Amino acid sequence: QVELVESGGGSVQAGGSLTLSCVASQLTYSWVAWFRQAPGKEREGVAAMSKDSSSIYYTDSVKGRFTISRDNAKGTVTLQMDSLKPEDTAQYYCAARTPARSWTAPLDLNNYNYWGQGTQVTVSS
C-alpha cells in the first residue's frame, strides 16, 4: 500500500511562490502527479511526471510558472509554484499510479490509484 503525505501549503500574496512536497511510503509507483480542487469545482490535473522524469505534462494555466520534480531515491515529489495567482487557490493533492493501473492520460485523475490527503494553497490579490 502506497501512502502519500503532502506538505508545504499555505497563504501567499499574488506573485509569490510556494513549494509543495509529497513523500511516498513506497517506491513501486510509476507516474506521479499533482492535482488541485477549488471549492465548487472538479479536481483538475496540474502537473505529471513519468518514473524516469523523461515525460512531463502541465495544464496550460500553469505552464511556465509551476515545475514538477521527483527524487526516486528519497521517495519525494515536489511542485515548485512561482508567480502565483488568486485562481491558483485550491486544495492540492499528490497522486501516484502503479504500473498495473489501467492507463488513461497523464492529467486524468482516473489514471492514479493513490492519493494524499491534500494541502491548502491560498493566494490573495
Side-chain angles (χ1 to χ4, degrees):
Q1 182 77 14
V2 176
E3 293 185 353
L4 306 174
V5 179
E6 304 99 334
S7 63
S11 297
V12 66
Q13 289 191 330
S17 297
L18 282 174
T19 302
L20 304 184
S21 296
C22 174
V23 179
S25 62
Q26 298 185 24
L27 300 176
T28 55
Y29 53 92
S30 56
W31 283 71
V32 292
W34 286 94
F35 286 74
R36 65 186 180 187
Q37 187 167 18
K41 295 188 177 181
E42 295 185 351
R43 190 171 298 191
E44 67 165 342
V46 174
M49 175 177 275
S50 60
K51 185 172 185 176
D52 64 1
S53 303
S54 63
S55 296
I56 300 174
Y57 292 82
Y58 296 100
T59 193
D60 287 345
S61 63
V62 308
K63 286 180 180 177
R65 300 189 298 120
F66 290 11
T67 303
I68 187 173
S69 60
R70 65 190 292 173
D71 185 330
N72 291 337
K74 296 181 179 178
T76 59
V77 184
T78 300
L79 184 68
Q80 176 65 40
M81 306 186 295
D82 299 316
S83 302
L84 282 162
K85 303 176 181 180
E87 51 263 44
D88 294 318
T89 295
Q91 187 83 351
Y92 282 71
Y93 298 89
C94 178
R97 57 169 282 120
T98 48
R101 180 77 170 177
S102 297
W103 177 263
T104 55
L107 296 179
D108 180 357
L109 62 88
N110 294 306
N111 202 36
Y112 299 88
N113 48 336
Y114 294 103
W115 294 84
Q117 293 300 307
T119 185
Q120 178 66 34
V121 171
T122 303
V123 184
S124 59
S125 58

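Predicted model, so just to flag it, every value in this text is computed and none were measured.
Taking the six-membered ring where the residue is Trp, Trp115 and Tyr93 present perpendicular rings, their angle passing 60° and hence far from 30°. Ring planes of Tyr92 and Phe66: tilted class, angle from 30 to 60°.
Judged as a disulfide (SG to SG under 2.5 Å), the pairs with a partner in residues 93-125 (not counting sequence neighbours) are, in order, Cys22-Cys94.
Scanning both residues, Glu6 and Thr119, for their nearest heavy atoms gives CB-CG2, 4.0 Å. When every heavy atom of Ser17 is checked against every heavy atom of Gln80, the shortest pair comes out as CB-NE2, 4.0 Å. Of all heavy-atom pairs between Tyr114 and Thr98, the closest is CE1-CG2, 3.5 Å. Nearest heavy-atom pair, Tyr58 versus Thr67, reported as atom, atom and distance to 0.1 Å: OH-CA, 3.3 Å. Minimum interatomic distance between Gln91 and Gln117 (heavy atoms only, all atoms of both residues): NE2-O, 3.8 Å. Ala38 and Ala90 get closest at one heavy-atom pair: N-CB, 3.8 Å.
For the side-chain contact (heavy atoms from CB on, under 4.5 Å) with Ile68, the qualifying choice from Val62, Thr78, Val77, Val46 is Val77, the only one to do so.
Between the side chain of Ser30 and the backbone N or O of Lys51, no donor-acceptor pair lies under 3.5 Å.
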List the steps, then state whether salt bridge (Lys or Arg N to Asp or Glu O under 4.0 Å) holds for Lys85 with Asp88.
-> CA-CA 5 Å; Lys85 303 176 181 180; Asp88 294 318; over 6 Å; no

Let me see the working for Trp31 and Arg101 under side-chain contact (heavy atoms from CB on, under 4.5 Å), right down to the final yes or no.
-> CA-CA 10 Å; Trp31 283 71; Arg101 180 77 170 177; over 6 Å; no

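The closest side-chain heavy-atom distance from Gln120 to Thr89 is below 4.5 Å. Contact of the Glu44 side chain with the Arg36 side chain is registered, since non-hydrogen atoms from C-beta on lie closer than 4.5 Å.
Cluster membership for Ile56 and Leu109, using ILVMFWY side-chain heavy atoms within less than 4.5 angstrom, is not shared. No path of Ile, Leu, Val, Met, Phe, Trp and Tyr side chains, each step under 4.5 Å between heavy atoms, connects Val32 with Val23, placing them in separate hydrophobic clusters. Residues Met49 and Leu79 share a single hydrophobic cluster, defined by chaining ILVMFWY side chains whose heavy atoms lie under 4.5 Å apart. In terms of hydrophobic clustering, with Ile, Leu, Val, Met, Phe, Trp and Tyr side chains grouped at heavy-atom distances under 4.5 Å, Val5 and Trp34 are assigned to different clusters.
Once rounded to the nearest 0.5 Å, the distance linking OG of Ser11 with CG of Leu84 reads 11.0 Å.
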